[in-house]
**Student:** 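Below you will find the structure I want to go over with you.
In what follows, chains are A, B, ... by sequence order, proteins preceding strands, each numbered from 1.
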Amino acid sequence: MTQAGHLGRLAMLTIRSVGALVVAGVSLRLMAVVDELSGHEAAAPAVSGDGKLSNPVTAVLLQQRGYDTLLELGVVLVAGLIVSGLGHALLDAGGRQRQQSPLLSALAQILVPVGVVFAAYLLWAGAHAPGGAFQAGAVLAAMLVLAHIATGDPARIFARGRREELAAVSGFATFLAMGVVAQALWGSFLGFPDTYLGAIVLAIEVMATLAIGVTLAVLVVGGDLWAPGPSFTRGDRRP
Amino acid sequence: MTPATLYVLTGIVLFGLGLHGSLAHESALRRLIALNVMSAGIFLVLVALALRPSGAPDPVPHAMVLTGLVVSVSATGLALGLIRRLRSLGDDAGDTERDGG
């Protein structure tokens with residue numbers, strides 16, 4: 001058993017017994033409270049607004065827990081920054097046959113525009129149905145990665161370099177700026193008044209979607225979204 | 001056994017399995033996958049605890065799960081980048097298991 005290779009038998013026994021104890025202990029504790037928790041009604045979430053944000057989860061994310069969402073955007077940004085800094089030669093492409101894949105190209109040509117439009121719909125629908133900035137950003141990231149894999153030159157829409165970095169930073173920056181503006185104008189950080197809530201939330205969510213899409217795609221591809229795609233060369237490394 | 005109880009138990013078991021895997025495996029990639037299994041278990045527990053008798057679930061745990069999903073995806077992407085970088089530098093990141101682990 002390869003697992004015993006780097007850990008002694010005592011260490012494995014300790015890990016397994018501690019794991020079993022954790023599972024048993026937490027189960028007992030949660031069994032005691034789960035029926036009570038699920039039997040009570042939820043406390044009314046402390047959200048207000050002009051009625052445009054009727055999806056309760058989105059309302060919680062952007063109003064009651066707006067600070068959490070701001071920091072979440074910061075986490076995505078930090079991860080993207082670090083992966084970008086690791087360098088572009090992350091993929092070992094040796095050993096694969098050189099081939100074009102017309103199937104993949106055709107699929108990407110059809111799917112990527114549909115996916116981008118669907119991401120925009122998800123962003124808009126988040127106000128009243130399941131959806132929102134993060135879901136839309138994930139779909140956008142998937143489309144960017146698909147375009148990269150299929151062609152290696154995904155988007156003449158974007159120029160490379162500075163605009164990519166701007167897109168990645170814009171989500172966190174917009175949210176932070178809105179928070180500071182709210183502090184200056186209305187006296188509480190991220191406390192948006194009801195009359196402007198719809199417009200502010202929309203602006204934040206649009207920039208957040210763009211930032212999440214670009215950053216997640218960068219995370220998957222390994223730092224260079226606009227370089228030639230990885231899969232179809234034999235033996236040659238990218239610079 | 002109510003649905004909430006069943007989901008909570010499943011989430012805890014997933015957490016335990018992931019915890020064991022994150023410590024016991026030698027390959028960094030397998031430990032990363034085990035961490036993702038752990039987070040899946042935690043999300044399941046959070047969503048299960050959000051069930052309410054009126055049918056409309058408590059939105060705060062759902063929002064926390066959404067936040068946690070994005071954070072775990074970012075962390076996984078970062079960890080994968082680091083593992084790839086290690087391998088390009090010649091360190092096999094504990095990958096002594098020949099079946100691609």
**Student:** Side chains of B:Phe15 and A:Val22: does their closest heavy-atom pair fall under 4.5 Å?
**Tutor:**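 A side-chain contact exists here, since the closest heavy-atom pair is under 4.5 Å.
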**Student:** Looking at B:Val8, B:Val70, B:Val71, B:Val45, which has the largest count of heavy-atom pairs under 4.5 Å with chain A?
**Tutor:**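 Top count of heavy-atom pairs under 4.5 Å with chain A: B:Val70.
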**Student:** Taking A:Gly137, A:Gly80, A:Ala79 one by one, which has the highest count of heavy-atom pairs under 4.5 Å against chain B?
**Tutor:**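 Heavy-atom pair counts peak at A:Ala79.
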**Student:** So B:His62 and A:Val60, do their side chains get closer than 4.5 Å, heavy atoms only?
**Tutor:**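 Counting from C-beta outward, A:Val60 and B:His62 never come under 4.5 Å.
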**Student:** Need one label for B:Leu80: side chain, backbone, both or neither, based on atoms under 4.5 Å from any heavy atom in chain A.
**Tutor:**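 Neither part.
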**Student:** Go through A:Thr69, A:Leu73, A:Leu61, A:Thr58 and name the one with the most non-hydrogen pairs under 4.5 angstrom from chain B.
**Tutor:**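 Top count of heavy-atom pairs under 4.5 Å with chain B: A:Leu61.
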**Student:** Does any heavy atom of chain A fall under 4.5 Å from the side chain of B:Leu17, the backbone, both, or neither of them?
**Tutor:**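 The answer is neither part of B:Leu17.
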**Student:** For side chain to side chain contact (heavy atoms under 4.5 Å, CB included), just list the numbers for A:Gln135 and B:Leu66, CA-CA rounded to whole Å, side-chain angles, deciding distance to a tenth of an Å, and then say yes or no.
**Tutor:** CA-CA 9 Å; A:Gln135 292 85 329; B:Leu66 273 176; 3.8 Å; yes
**Student:** Can you confirm whether B:Thr67 sits close enough to A:Arg65 that some side-chain heavy atom of one is under 4.5 Å from a side-chain heavy atom of the other?
**Tutor:**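 They are not in contact (no side-chain heavy atoms under 4.5 Å apart), so the answer is no.
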**Student:** Let me confirm one number: the CG-OG distance from A:Leu216 to B:Ser74, rounded to the nearest 0.5 Å.
**Tutor:**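 Here the rounded value is 5.5 Å.
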**Student:** Between B:Val73 and A:Val76, is there a side-chain heavy-atom distance shorter than 4.5 Å?
**Tutor:**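 The answer is no; the side chains never approach within 4.5 Å.
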**Student:** Heavy-atom pairs under 4.5 Å with chain A are the metric here; pick the option from B:Ile12, B:Leu19, B:Leu78 that has the most.
**Tutor:**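 The answer is B:Ile12.
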**Student:** Where is the tightest heavy-atom contact between A:Met31 and B:Thr5, given as atom of each residue plus distance?
**Tutor:**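 Minimum heavy-atom separation between A:Met31 and B:Thr5: SD-CG2, 3.1 Å.
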**Student:** Answer yes or no: are there more than 12 heavy-atom neighbours, outside A:Met207 itself, under 6.0 Å from its atom CE?
**Tutor:**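 It does: A:Met207 CE has more than 12 such atoms within range.
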**Student:** Roughly how far, to the nearest 0.5 Å, is CG of B:Leu69 from CD of A:Glu72?
**Tutor:**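 Nearest 0.5 Å value for the CD-CG distance: 9.0 Å.
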**Student:** Within this structure, what is the CG-CG distance for the pair B:Leu49 and A:Leu30, rounded to the nearest 0.5 Å?
**Tutor:**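 Here the interatomic distance stands at 6.0 Å.
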